[in-house]
Each structure stands twice: as structure tokens, then as C-alpha cells.
Amino acid sequence: METAKVTATESALKLINYLKTQHGELMFYQSGGCCDGSSPMCFPDGELIIGDGDILLGEIGGCPFYIAAQQYKYWQHTQLIIDVAAGPGGSDFSLEGPDGERFITRSRLFANMN
């Protein structure tokens with residue numbers, strides 16, 4: 001059985017479901033840094049243009065989750081666990097919860113990745 005490369009906590013799934021009621025279908029993109037840090041970005045589906053240099057890592061809450069191929073080279077042995085943190089996300093462009101909750105990435109290394 002293949003291990004998912006991206007998963008979501010129960011808190012993240014609840015926030016995804018809430019945001020779907022507000023914005024419709026969603027998509028995620030794992031940001032690689034710069035002004036927004038290394039955080040998962042949530043957008044209404046289709047708002048971010050996915051290019052040839054992006055990889056579909058998997059799905060969380062029925063939403064596609066992408067990462068840049070260049071960044072994936074560094075994270076390929078890591079499972080991304082999408083969670084929620086309180087407070088505003090700062091300088092990112094991601095959708096937030098009604099009280100400013102934002103998505104964050106936790107991770108764990110794989111000993112053996114299928």
C-alpha cells in the first residue's frame with residue numbers, strides 16, 4: 001500500500017469544508033518560501049495557474065495539492081501533513097478561516113517511500 005505524500009489533520013479537513021461552503025471548489029499549492037514562507041496556500045480552484053514545472057502531490061479534502069517540481073526534489077522523502085494554526089498568516093495570499101485560522105505544513109520523513 002502506497003503512503004500518501006500529503007495528508008490533512010481533522011482540523012484542516014474541517015477548515016477545508018468550511019472554505020468550500022464560502023468559495024466553492026478549492027486547490028492547494030505548497031509555497032516554497034520568499035515573502036510567504038514555506039506554507040500551504042489555499043485558493044479557489046483555478047485561481048492559481050499550474051504550470052509544467054508543478055507536480056500534483058495528491059489530494060486533501062477532495063482538493064488537488066500541488067508543489068513545484070524543483071521544491072519536490074528536496075521534499076520527495078517527506079510526507080506533508082497539512083494542519084491549522086490560529087492567527088493570521090501574515091503576508092501570504094491563502095484563504096483563511098473566519099477567525100483568521102490558516103493552514104500550516106508539518107512533515108515527517110519516510111524511512112521507505114513506495
Is the closest side-chain heavy-atom distance between [X] and [Y] below 4.5 Å?
X: Glu25; Y: Lys20; value: yes
X: Phe103; Y: Leu19; value: yes
X: Lys5; Y: Ile67; value: no
X: Leu80; Y: Phe65; value: yes

Audit row: Ile50, Met27, side chain to side chain contact (heavy atoms under 4.5 Å, CB included) steps and yes/no: CA-CA 10 Å; Ile50 299 302; Met27 64 185 294; 3.6 Å; yes
Test item: Arg102 side-chain N/O and Ala86 main-chain N/O as donor-acceptor pair under 3.5 Å: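 A pair under 3.5 Å: yes.
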Nearest non-hydrogen partners of [X] and [Y], listed with the distance:
X: Pro64; Y: Asp45; result: CG-OD1, 4.4 Å
X: Ser39; Y: Thr105; result: C-OG1, 4.3 Å
X: Met41; Y: Ser31; result: CG-CB, 3.8 Å
X: Ile104; Y: Ala85; result: CG2-CB, 3.8 Å
X: Gln70; Y: Tyr74; result: O-CD1, 3.5 Å
X: Gln30; Y: Gln71; result: O-OE1, 3.3 Å

Joint hydrophobic cluster, Ile55 plus Phe28, side-chain heavy atoms closer than 4.5 Å: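 Same hydrophobic cluster.
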Ile82 reachable from Tyr72 in the ILVMFWY side-chain graph, under 4.5 Å edges: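 Yes, it is one cluster - the side chains of Tyr72 and Ile82 are joined through contacts under 4.5 Å.
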Asp54: side-chain hydrogen bond (donor to acceptor under 3.5 Å, both in side chains) partners, not counting sequence neighbours: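 Counting only residues at least two positions away or on another chain, Asp54 forms a side-chain hydrogen bond (donor to acceptor under 3.5 Å, both in side chains) with Tyr29.
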From CZ (Arg108) to CD1 (Ile81), nearest 0.5 Å: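 If I round to the nearest 0.5 Å, the distance is 6.0 Å.
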Nearest-0.5 Å distance, CD of residue Glu59 to CG of residue Leu57: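 Going from the CD atom of Glu59 to the CG atom of Leu57 covers 11.0 Å.
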For residues 9-18, please give each side-chain donor-acceptor pair under 3.5 Å, one per line with the distance, not counting sequence neighbours.
| unit_1 | atom_1 | unit_2 | atom_2 | d |
| --- | --- | --- | --- | --- |
| Thr9 | OG1 | Ala12 | N | 3.2 |
| Thr9 | OG1 | Asp83 | OD1 | 2.8 |
| Asn17 | ND2 | Leu13 | O | 3.4 |

